[in-house]
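Side-chain atoms are counted along with the backbone in the values below, which use heavy atoms only and exclude waters and symmetry mates. Every chain is numbered from 1 and lettered A, B, ... according to where its sequence line falls, protein lines coming before strand lines.
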There are 2 protein chains.
Amino acid sequence: MNSQVRQQGGADGTVGKALEVLDQVADKGRPVRFSELLAETSHPKATLYRLLQTLTNQGMLAYDEDRQTYAPGLRLVRLAHSAWRQSSLAPVARPYLTALAQKVGETIHLAQLDRGQVLYVDKMNAAEPIEMFSQAGKVGPGYCTGVGKAMMAFLDADDRQDAINRQAYFAHTPNTLTTPDALAAELDRIKAEGVSYDREEHEPGIICIAAPILSSTGRVIGALSITTSTSRQSFDGLEQHRAALLRTAQDIAGAAESWQFPT
Amino acid sequence: MNSQVRQQGGADGTVGKALEVLDQVADKGRPVRFSELLAETSHPKATLYRLLQTLTNQGMLAYDEDRQTYAPGLRLVRLAHSAWRQSSLAPVARPYLTALAQKVGETIHLAQLDRGQVLYVDKMNAAEPIEMFSQAGKVGPGYCTGVGKAMMAFLDADDRQDAINRQAYFAHTPNTLTTPDALAAELDRIKAEGVSYDREEHEPGIICIAAPILSSTGRVIGALSITTSTSRQSFDGLEQHRAALLRTAQDIAGAAESWQFPT
DNA sequence: GAAACGAGTTTCATTATTTGGAACCTGTTG
DNA sequence: CAACAGGTTCCAAATAATGAAACTCGTTTC
């Protein structure tokens with residue numbers, strides 16, 4: 001039913017269940033009725049009811065009395081504000097992204113890895129002005145995006161295997177890698193080469209070149225990509241930007257390193 | 001110690017406690033150590049430890065092994081993406097804000113009420129490009145901001161009283177209203193007049209004019225403000241924008257009304 | 001207009017989870 | 001090397017979550 005990756009393995013207690021419900025509501029992308037959630041969940045009526053009550057009570061969900069629907073609550077927006085500022089690369093990387101976007105004239109994505117999935121934390125659309133949350137916070141698959149593969153390639157063995165296992169391997173296009181083995185092989189190539197490509201593996205006509213952002217100790221902290229469409233640019237065109245991309249990735253890594261919070 | 005408003009009255013069960021801890025970490029605004037949290041909380045060591053474990057496990061917190069610190073996790077960013085799109089006025093209001101910002105050439109804020117506090121969901125800075133989460137998600141006090149007072153003024157009796165009770169009444173400036181009675185009186189005036197003002201009540205030199213955004217049934221769904229500084233504009237200058245402000249508020253209300261999700 | 005229905009809410013004895021004091025690690029400091 | 005501080009784990013007692021069933025209340029059906 002859901003071609004996305006499963007995320008929370010084991011439920012840790014009540015909190016885990018509550019957050020699972022929260023995700024369920026959020027994933028819907030629109031206000032949901034109690035019964036709709038009930039149909040999808042394994043929890044009995046009363047349990048689901050109380051979980052929703054608690055979450056609503058806490059402002060994590062908003063309940064529309066008129067329509068009898070639940071939607072993600074504003075408290076999340078408040079919390080995310082902190083999360084974005086602290087745990088994401090975005091604030092630090094902003095200036096570098098801007099510079100790169102202007103230089104290459106293509107769309108730049110900044111992403112981080114969240115449980116095997118790609119979480120876009122910033123986007124720069126050379127031409128148009130920035131779109132807020134409409135882009136930051138979006139998630140995408142790890143196995144068929146440039147940034148996803150770039151980050152996975154540089155994980156250590158355990159985490160890498162874990163990430164490989166979490167993928168959904170849905171064939172979005174004829175070029176999509178659809179087996180763990182194929183992905184693993186591609187990751188090896190990427191690690192050797194230093195950059196990854198999306199060869200229309202996610203959406204037809206969309207290609208990109210991506211590079212990981214690595215800390216001085218070699219840990220993956222994010223990735224950066226230059227995206228374009230086959231109608232605008234050839235693959236060779238992207239290749240031209242390789243140096244600038246790698247340079248920017250390094251710059252961001254450096255900035256992130258030095259800008260650790262004052263303790 | 002904390003001059004802000006208390007938010008979650010009673011703890012609902014384990015989930016409530018976990019979210020309380022989450023807030024605590026988020027409010028710090030920087031990575032925190034276990035012991036630092038322990039010192040502030042009433043929970044015993046073991047309990048706090050397990051709550052943090054659970055939250056980290058779930059991706060609501062991120063744990064930095066090297067530094068042994070906790071920070072809000074990326075899962076929040078993902079969730080907030082949904083929340084912002086669904087529960088906030090921002091996506092609908094965007095075009096109207098842009099138009100208004102260009103017309104008046106001042107900073108525009110769009111806010112909603114979250115438990116007596118003002119939550120800014122969008123901002124338009126006529127001149128500069130938009131800053132992402134750095135503005136959206138920010139919270140402010142209700143009793144001494146234009147948008148806060150505008151929203152409170154149009155709540156129904158119960159909610160209004162509740163909101164009045166939740167305020168901290170800290171005297172940020174000599175003009176700040178510091179008693180529930182003074183605030184109530186001001187709210188009456190605002191309700192009669194239709195717009196509210198911030199007369200340097202929050203920050204010296206900063207003034208604004210704000211209007212509520214009301215649904216067709218009269219429910220408060222948000223507020224809108226035009227902000228400037230005394231050095232740039234007089235009070236009368238702001239007054240000039242009253243009509244445009246009210247007009248925009250109405251337009252947004254209309255747009256929000258018709259753009260309810262397809263059920 | 002009564003009866004059946006569907007969606008949501010509450011009850012209560014049972015069961016499973018959370019609790020927290022204290023003991024236990026483990027790397028640091030005097 | 002002993003004392004220590006910041007973390008982590010144990011386990012019996014206390015508490016909170018569970019879920020089948022009963023109950024509202026507003027609709028639809030006969």
Rounded distance (nearest 0.5 Å) linking atom [atom1] of [X] with atom [atom2] of [Y]:
X        : Y        : atom1 : atom2 : value
B:Asp122 : B:Trp84  : CG    : CH2   : 5.5 Å
B:Ile164 : B:Leu155 : CD1   : CG    : 9.0 Å
A:Leu37  : A:Gln24  : CG    : CD    : 5.0 Å

Atom-to-atom span, [atom1] of [X] to [atom2] of [N] - whole angstrom:
X       : N      : atom1 : atom2 : result
A:Leu51 : D:dA16 : CG    : C1'   : 12 Å
B:Arg33 : D:dT8  : CZ    : C1'   : 16 Å
B:Leu48 : D:dG6  : CG    : C1'   : 13 Å
B:Asp12 : D:dA16 : CG    : C1'   : 12 Å
A:Tyr49 : D:dA20 : OH    : P     : 18 Å
A:Leu52 : D:dT18 : CG    : P     : 12 Å
B:Tyr63 : D:dT8  : OH    : C1'   : 11 Å

For A:Asp23, is there an ion pair with B:Arg75 - N to carboxylate O distance below 4.0 angstrom?
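A salt bridge links B:Arg75 with A:Asp23.
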Do the charged groups of B:Arg219 and A:Glu65 touch, with an N to O distance under 4.0 Å?
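A:Glu65 and B:Arg219: not salt-bridged.
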Check the phosphate of D:dA17 against A:Thr47, side-chain N and O only, distance under 4.0 Å to OP1 or OP2. Yes or no?
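Negative; the distance criterion is not met.
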Using a cut-off of less than 4.0 Å, is there contact between a side-chain N or O of B:Ser35 and OP1 or OP2 of D:dG7?
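Result: yes.
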Using heavy-atom distances to pick each residue's nearest nucleotide on DNA chain C, tell me which of A:Glu36 and A:Arg50 is more 5'.
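So the residue in question is A:Glu36.
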Go through DNA chain C in 5' to 3' direction and return only the first and the last nucleotide with some atom under 4.0 Å of chain B's heavy atoms.
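So the outermost contacting nucleotides come out as C:dT18 to C:dG21.
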For D:dG19, does the base pair up with any side-chain atom of A:Lys45 as donor and acceptor (N or O, under 3.5 Å, distance only)?
no
Give me the ring orientation class for B:Tyr49 and B:Phe34: parallel if the planes are under 30° apart, tilted from 30 to 60°, perpendicular past 60°.
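The rings of B:Tyr49 and B:Phe34 stand perpendicular, inter-plane angle above 60°.
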Out of A:Thr248, A:Val147, A:Leu224, which residue meets the side-chain contact (heavy atoms from CB on, under 4.5 Å) rule with A:Leu110?
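The side-chain contact (heavy atoms from CB on, under 4.5 Å) with A:Leu110 is passed solely by A:Leu224 among A:Thr248, A:Val147, A:Leu224.
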